[in-house]
Q: 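Sharing a structure with you now.
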Amino acid sequence: MKIVILDGYAANPGDLSWGELARMGELTVYDRTRSDDTVERAHDADIVLTNKVCLSARVMNQLPNLKYIGVLATGYNVVDTETAKERGIIVTNVPAYSTMSVAQSVFAHLLTVTNRTEHYAVQNRAGRWSASSDFCYQDTPLTELAGKNFGIVGLGNIGSRVAVIAQAFGMNVVAFTSKSQSELPPYVRKTSFSELLKLSDVVSLHCPLTADTHHLMNRDTLSSMKASAILINTGRGPLVNEYDVAAALNGHQLRAYCADVLSVEPPQADNPLLQCENAYITPHIAWATKEARIRLIDIAVSNVRAFIDGKPQNVVR
């Protein structure tokens, strides 16, 4: 059984082990794979694991031994699942491994804006507090979260965890979700999307990327938010129109945009958000805590083992 990992570096830059997979077959691990090299590297493989390397119909049709594709992520849009179905290739993903880490990142972003911890640490290294005439030094507004309205778009695993944390901060949680009010915990109030935008001091996006949610946040929807509101996106970059968000920030129609994802990754140098003063962008690392990566690899290995045993799990096709 030949197993190939096409782009293993993001999940395991060297601090974890692929040893369990190596015990299941002949394992080859590539840190990264260019699209032009995919067929050559996976040509004899029975099992291919990928994170962001695309397995299109053209690629799969050149892999005669391929029986299983394991996506090292929750989203599986990198695989042509229709072709996989036609070929009888099992496709699996890794669900819910990063829920806690991404939810934590939402509030790391939020607190960056409301409490400016890093800003003040830098100021102190520059001697600003030492030179202060007062016992404290403050040059930015600071915001208490308790009593503010926290709007969540999408109440899946991550959105639901974010709701728990927001409630613990004493915030009023409202959600735009397909779930009924009776399915929601008592501290979450279901609302329409338009009402959520008008009410919320913080809006956090946790919906899937579909034709309906592409550029969900655009000039029109942004204009219905409070100018003091904070928009957070740890879901998918194209949920927002980045040019419209940049314009809203530059025009002081939005207090801050916090994101761990962009529409193109790595970002193009001319992405307008990279130069916006009140855009706080992290490089798609919300999922990447060591704890989450351990879960990711453990579940991916379990998926492969289940496939070999003839009882595949976490099948998306």
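Everything quoted here is computed from the prediction, not taken from an experiment. Scope of the values below: all heavy atoms of this structure, side chains included, with no hydrogens, waters or symmetry mates. We number each residue from 1, following the sequence as shown.
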Q: Taking atom CG of Leu6 and atom CG of Asp31, what is their separation to the nearest 0.5 Å?
A: 12.0 Å
Q: When you compare the side chains of Ser180 and Glu183, does any donor N or O come within less than 3.5 Å of an acceptor on the partner?
A: yes
Q: Roughly how far apart are Thr289 OG1 and Leu296 CG, rounded to 0.5 Å?
A: 10.0 Å
Q: Side chains of Thr99 and Arg161: any donor to acceptor distance under 3.5 Å?
A: no
Q: Any ion pair linking Arg34 and Asp37 (charged N to carboxylate O, less than 4.0 Å)?
A: yes
Q: Hey, are Asp80 and Arg58 close enough for a salt bridge, meaning a charged N less than 4.0 Å from a carboxylate O?
A: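 Salt bridge flag = no for Arg58 with Asp80.
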Q: Can you tell me how far CG of Leu110 sits from OH of Tyr280, rounded to the nearest 0.5 angstrom?
A: 11.5 Å
Q: Regarding Glu20 and Arg23, does a basic nitrogen lie under 4.0 Å from an acidic carboxylate oxygen?
A: yes
Q: Can you get from Val113 to Ile281 by hopping between Ile, Leu, Val, Met, Phe, Trp and Tyr side chains that sit under 4.5 Å apart?
A: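 No, Val113 does not connect to Ile281 through the hydrophobic network.
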Q: Quick check: closest heavy atoms across Pro267 and Leu262, and the distance to 0.1 Å?
A: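 Looking at all heavy atoms of both residues, the shortest contact is CB-CD1, 3.5 Å.
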Q: With clusters defined by side-chain heavy atoms of hydrophobic residues (ILVMFWY) lying less than 4.5 Å apart, directly or transitively, does Ile232 cluster with Val153?
A: no
Q: Taking atom types as modelled, is there a side-chain donor on Glu291 or Ser101 under 3.5 Å from an acceptor on the other?
A: no
Q: If we count only N and O atoms by modelled type, under 3.5 Å, do the side chains of Asn65 and His43 hold a donor and an acceptor together?
A: no
Q: Testing the 3.5 Å rule here: is there a donor-acceptor pair between the side chains of Ser130 and Tyr137?
A: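 Side-chain D/A pair, Ser130 to Tyr137: absent.
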Q: To the closest 0.5 Å, what do you measure between OG (Ser224) and CD (Glu195)?
A: 11.5 Å
Q: What about Phe193 and Leu254, same hydrophobic cluster or not, with Ile/Leu/Val/Met/Phe/Trp/Tyr joined at side-chain heavy-atom distances under 4.5 Å?
A: yes
Q: I would like to know whether Phe150 and Phe169 meet ring-ring contact (aromatic ring centres under 6.0 Å, His included); could you show each step before the answer?
A: CA-CA 10 Å; Phe150 194 108; Phe169 271 108; 9.2 Å; no
Q: Is it true that Val315 and Val91 fall in one hydrophobic cluster, defined by side-chain heavy atoms closer than 4.5 Å?
A: no
Q: Between Lys2 and Asp46, is there a side-chain N and carboxylate O pair less than 4.0 Å apart?
A: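 No, this pair does not count.
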Q: Side chains of His109 and Thr282: is there a donor and an acceptor less than 3.5 Å apart?
A: yes
